[in-house]
Each structure stands twice: as C-alpha cells, then as structure tokens.
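Presented below is the structure to which this report refers.
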Amino acid sequence: MTRIAIAGFQHETNTFGVTKTGLREFEIADSWPGLLTGAEVIPGTRGINLPIAGFAAEAMTRELSLEPILWCAAEPAAEVTDAAFDEISARIISGLVGAGHLDGIYLDLHGAMVTESHPDGEGELLRRIRAALGDEVPIAISLDLHANLTDAILRHATTVAIFRTYPHLDMAATGARCVGQLIAAIEGYRPAKAMRRIPFLIPLHAQFTGQDPCAALYDRVAMVERIPPERAEFAMGFPAADIRDAGAAVIAFAPTQERANEIVGDLADAVSAAEAELVTPLFSPDEAVREAEMRAADKPVVIGDVQDNPGAGATSDTTGLLHALARHARGPALLGLMADSEIAKQAHLAGTGAAISGALGGKMGRPDPGPYEGRFLVETISQGRVAYTGEMYGGGVAELGPSTALKLLDVPGEIRVAVTSQRSQCLDLALFRGLGLEPLDARIICVKSTVHFRADFDPIASDVLYAAAPGVNLCQLAEIPYRRLREGVRLGPLGPNFSLAL
C-alpha cells in the first residue's frame with residue numbers, strides 16, 4: 001500500500017500581539033484539540049472541520065496507509081518561541097525519520113507562523129524536513145487563506161492547497177484536495193510552479209468571500225482546474241505579521257513553466273483590478289452602535305469588533321465597544337467573548353444572582369479606553385466547555401475555562417457580556433447560548449471576531465457592521481508601525497506605499 005505520513009503544526013502569528021506563544025499553548029485544548037501524537041491524531045481530529053481530518057478521511061476511501069506523527073495548534077498570538085518551535089519541529093522530524101519508508105508526506109500548516117528567529121516558520125520547518133529526508137519524497141501541504149506565501153514554502157513543498165473561503169468552511173475539504181495532488185506527485189508528476197505577489201495588502205475585514213469581489217476572485221481561481229492538471233491558489237495574506245513577505249499572492253501549478261507564469265499573471269491582474277472594490281470602511285465604536293440602533297429591525301444587527309479578534313492574535317478584552325454600548329444602546333444588547341479570568345473568578349465565587357463590582361476587561365496590554373468599571377448582575381456561571389454547533393467549527397468543543405454571563409447594572413439598557421477565562425473568537429452562536437444568552441433576543445450583538453462570525457451569525461442578522469475599536473489586530477493598515485515589509489507595497493487597497501524612510 002502507498003504509505004503516507006501526516007502531521008500538523010499551526011499558528012497564525014500577530015507580531016504586534018501582547019504575549020508570545022510557548023509549548024504550553026500548543027499542548028492545551030482551546031477552540032481546537034490539544035497536542036496529539038501518533039495514534040491519537042486521527043481519532044482526535046475526526047469529524048472536525050480541520051484539514052488533517054479531511055485528508056485522513058479522503059485517504060482512507062482510497063485505501064492509503066497513513067502514519068500519523070503529530071498535530072497541534074495554538075490560539076493566535078505573538079511570535080512562537082524558539083523553544084516551542086524547535087521542540088515541535090524536532091518531534092515531527094523524528095517521527096518522519098523513524099517511520100521508515102514513506103511514499104509521501106502531508107502537512108497541515110497555516111502559512112503565517114513567525115517565530116522569535118524565523119519570519120517564515122513554515123518555510124523553516126519544510127527546510128528542516130528536506131534536510132533530514134532529502135528532496136525526493138513528495139510533500140503536500142495545506143495552508144490557510146491568510147497565509148503569507150514565501151519562496152521557501154513554494155520551493156520545498158511539492159504541492160500546495162489553500163482554503164478558498166473566509167469564514168473557513170472548506171478546511172476539511174482543502175485537506176481532502178491534497179490527497180489527489182499527493183498521489184499524482186507519488187506517481188511522478190512534478191508540476192512547474194509560479195508565484196506572483198499582489199502589490200497591496202488586504203485587511204482581514206475586507207477578505208470576506210461571501211460576496212464580491214472576493215467571491216468572484218475565488219471563482220476565477222477554481223476555474224483554472226477546468227483544464228487538468230493545471231491548478232491555482234490564492235492566499236489573501238495576514239497583514240498583522242510584520243515580515244517582508246506579508247500579504248496576498250497567487251500561485252499556480254502547470255505542466256510547463258510558461259503556462260504556470262501565464263496563470264499567475266492573469267489572476268494577479270484580476271486581483272489588482274478589484275483593488276478599489278476591496279476598500280472596506282470601518283465605523284468608530286460610537287458610530288457603529290448608533291448606526292445599529294437605527295438599523296435594528298425584526299432581527300439583530302451584528303457588529304464585528306474586528307480589531308480585538310483573538311482569532312487574529314488580539315487580547316479579546318478591550319472595552320471600546322462595550323463603552324459605546326453603555327453610552328448609546330437602548331438594549332437588549334450582547335457582547336462577547338470578553339476574556340477576563342479575574343472577573344470570571346469573582347462571579348463564580350459570588351454565585352448566580354449576586355451583584356458584583358469591579359473592572360471588566362482592559363487588563364492585557366491595551367490602556368485605551370481601559371477597563372469598564374461598574375456593577376454587574378451574575379446571571380449564569382459555567383465551566384466554559386461548549387460544543388460548537390455552527391458550520392465552521394461544528395464537531396469541535398470550545399474550552400473557555402470558568403465563564404459567566406453578566407448584566408450591566410449601571411445603564412438603562414439591558415446590556416449583557418459573555419465573559420470567559422480563555423481567549424476564544426466569538427464565531428458560533430453556541431458560545432452565547434452555552435451561557436444562557438439567546439442572540440435572537442438582542443437588538444445588537446457585538447462579537448470579537450473579524451469575519452468568521454458571519455457563517456453562523458449572518459442568517460440571524462438584519463445587518464452586519466464592522467467597528468474599529470482599539471485592539472492589536474489592526475485593520476487600518478496605514479496606521480500600523482511596520483518595520484520589515486518590502487519597500488513599495490501599498491498599505492491596504494488604494495493605500496500609501498510602505499517605505500522605511502517614513
């Protein structure tokens with residue numbers, strides 16, 4: 001039987017984040033399972049919308065022999081420590097070397113990992129694997145739509161597949177696509193590769209693939225496959241990583257270099273032609289709440305707290321939008337998830353029905369506007385283990401730690417906050433419902449998420465707004481203090497050119 005080793009090592013690194021990512025962050029369960037090794041990998045990810053789960057399921061239908069090595073992921077944050085990167089990389093390579101003869105390797109990666117010493121974490125991992133196993137064994141990798149593609153990734157990987165949806169509803173499907181690509185490589189097909197970088201960065205909140213122009217661009221990418229074995233991929237990039245190669249790029253695989261170059265040229269031109277359409281304005285927190293109050297109808301208006309999205313490395317505890325709700329919301333309104341282990345502990349000690357006072361949020365590195373000082377009614381408490389029900393994470397379980405639903409007592413409107421001990425992106429209705437809060441009962445729902453929330457919240461929303469409250473997932477790219485970007489790349493669609501001289 002064809003023998004394939006599988007492994008995964010995922011991190012999306014926000015170099016402007018507050019805390020670095022160590023080994024423990026990869027070991028613990030959060031939105032995804034904790035670190036899995038050997039025989040734990042396949043059952044530990046089965047049924048979850050993860051690339052490695054999709055690869056394993058498809059491989060089994062083709063009766064391939066799988067050798068699982070390791071899989072891990074950590075919540076996005078600042079750089080991965082060298083100690084964690086070296087340890088996990090060594091475990092993967094040791095497993096690959098110890099597996100004996102392998103016909104191929106599949107790796108479930110992200111594409112935007114930055115370590116203390118390596119701006120291109122995935123490229124460095126692939127380089128180390130090639131140094132240990134040589135250049136002959138084919139390696140298929142899957143990457144996130146927000147990958148920052150590099151020359152090293154394209155050089156060391158035989159074939160690459162990238163998510164085509166944001167929210168990422170096709171993670172497992174992308175892993176499954178890798179199976180056929182890897183089999184073709186094992187059978188001897190080595191395509192020519194080409195890459196073209198896009199001359200402007202695309203902020204995360206503009207990358208929503210549920211509408212044009214992004215929907216149309218990904219349709220063009222998929223159309224390339226109508227002439228097999230030609231194939232193309234488009235990564236919109238992760239602009240919160242201050243590295244030279246941050247940003248969007250297209251890649252192509254074709255029988256000839258000339259054809260691969262032609263494909264990426266056509267696609268890159270299409271992305272550039274859509275630049276003006278990718279300009280996506282943001283409301284201030286006060287504007288967003290006032291606008292939501294005017295637009296609220298039979299269904300709630302959802303406001304994305306896009307710059308405090310823990311799924312992009314933010315702290316998930318800033319209070320800019322909460323202060324705006326207190327000033328302008330008539331209620332009922334919800335906000336979540338606010339990561340504050342101190343207040344969660346206080347609520348658990350006081351118990352359901354108690355009134356507590358304290359400083360909510362604003363404790364993890366963002367001084368403006370600071371904590372929300374007030375009195376709160378403890379409506380529910382929970383240990384924070386919530387089964388996801390939405391399409392993106394369905395089948396998985398969120399481990400939020402001690403959690404509570406608090407009602408603000410010092411404001412006239414009914415404003416409630418879902419408070420957790422662990423950071424977790426608010427992308428699933430179950431995260432509110434697990435604390436006894438029903439989103440359908442609210443006029444305004446504020447979620448600490450950038451785009452992922454739209455998969456589960458759009459169907460219940462009358463409208464969706466994006467707010468630029470303070471946070472470290474900066475979406476106003478011209479305001480980011482970059483130091484390592486390549487000269488000349490534009491800071492957002494129609495934005496200014498980056499220059500170190502500035």
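Side-chain contact check for I263 versus F253: every heavy-atom pair is 4.5 Å or farther apart. In this structure the side chain of V264 never reaches within 4.5 angstrom of the side chain of D266, judged on heavy atoms. Under the 4.5 Å side-chain criterion, counting only non-hydrogen atoms from C-beta, D340 is not in contact with D317. A 4.5 Å side-chain heavy-atom check between I139 and Y106 finds every atom pair outside the cut-off.
The two residues G492 and P203 come nearest to each other via the heavy atoms CA-CD, 4.5 Å. Here the shortest heavy-atom pairing between L149 and L143 reads CD2-CD1, 3.6 Å. Taking both residues in full, the closest heavy atoms of F457 and L429 are given as CE2-CD2, 3.4 Å, listed atom of the first, atom of the second, then distance. Here the closest heavy-atom approach between residue A78 and residue T21 is recorded as O-OG1, 3.0 Å. When every heavy atom of F234 is checked against every heavy atom of A248, the shortest pair comes out as CE1-CB, 4.0 Å. For the pair A398 and L431, the tightest heavy-atom approach, listed with the atom from each and the gap, is CB-CD2, 3.9 Å.
Between Y393 and W32, the distance separating the two ring centers is shorter than 6.0 angstrom.
Between D308 and K448 there is a salt bridge, since a side-chain N of the basic residue sits under 4.0 Å from a carboxylate O of the acidic one. With salt bridges taken as basic N to acidic carboxylate O contacts below 4.0 Å, one links R454 and D458. The pair D86-R128 counts as a salt bridge, with a side-chain nitrogen and a carboxylate oxygen less than 4.0 angstrom apart. A salt bridge does not link R196 with E233: none of the charged nitrogens is closer than 4.0 Å to a carboxylate oxygen.
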Legend entry - Evaluation steps, side chain to side chain donor-acceptor pair (under 3.5 Å), between Q10 and D108: CA-CA 7 Å; Q10 288 214 17; D108 176 3; 2.5 Å; yes
Legend entry - Derivation and outcome, salt bridge (Lys or Arg N to Asp or Glu O under 4.0 Å), residues E124 and R130: CA-CA 10 Å; E124 175 61 16; R130 286 298 187 198; over 6 Å; no
Inset, instruction - Run the numbers on S424 and S31 for side chain to side chain donor-acceptor pair (under 3.5 Å), then give the verdict. - result: CA-CA 7 Å; S424 188; S31 299; 3.2 Å; yes
Inset, instruction - Could you walk me through whether T15 and D242 pass the side chain to side chain donor-acceptor pair (under 3.5 Å) test, one step at a time? - result: CA-CA 6 Å; T15 59; D242 185 11; 5.2 Å; no
Inset, instruction - Take T2 and R62, measure what side chain to side chain donor-acceptor pair (under 3.5 Å) needs, and give me the verdict at the end. - result: CA-CA 10 Å; T2 301; R62 302 190 187 209; over 6 Å; no
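A distance-only check finds a donor-acceptor pair linking the side chain of S316 to the backbone of L337 [under 3.5 Å]. Side chain of D120 to main chain of G123: a donor-acceptor pair is present (N/O by atom type, distance under 3.5 Å, no hydrogens or angles). In this structure a side-chain-to-backbone donor-acceptor pair under 3.5 Å is present from T280 to L278.
Of the inter-residue distances, the one linking H205 atom NE2 with Y466 atom OH reads 7.5 Å to the nearest 0.5 angstrom. For the atom pair CG (L267) and CD (E262), the distance works out to 10.5 Å, reported to the nearest 0.5 Å. The distance from the CG atom of L126 to the NE2 atom of H156 is 7.0 Å, given to the nearest 0.5 Å. E40 CD to I42 CD1: the interatomic distance, rounded to the nearest 0.5 Å, is 12.0 Å.
Applying the side chain to side chain donor-acceptor pair (under 3.5 Å) test to every pair with at least one member in residues 243-256, sequence neighbours left out, gives these pairs: R197-D245. Residue pairs that meet the salt bridge (charged side-chain N to carboxylate O under 4.0 Å, His left out) test with at least one member in residues 5-24, sequence neighbours left out, are K20-E116.
Classification of the Y166-H146 ring pair by plane angle, with boundaries at 30° and 60°, yields perpendicular.
In this structure P119 satisfies the side-chain contact (heavy atoms from CB on, under 4.5 Å) test together with I243, sequence neighbours excluded.
Exactly one residue among T315, T450, N14, N473 makes a side-chain hydrogen bond (donor to acceptor under 3.5 Å, both in side chains) with N309. That residue is T450.
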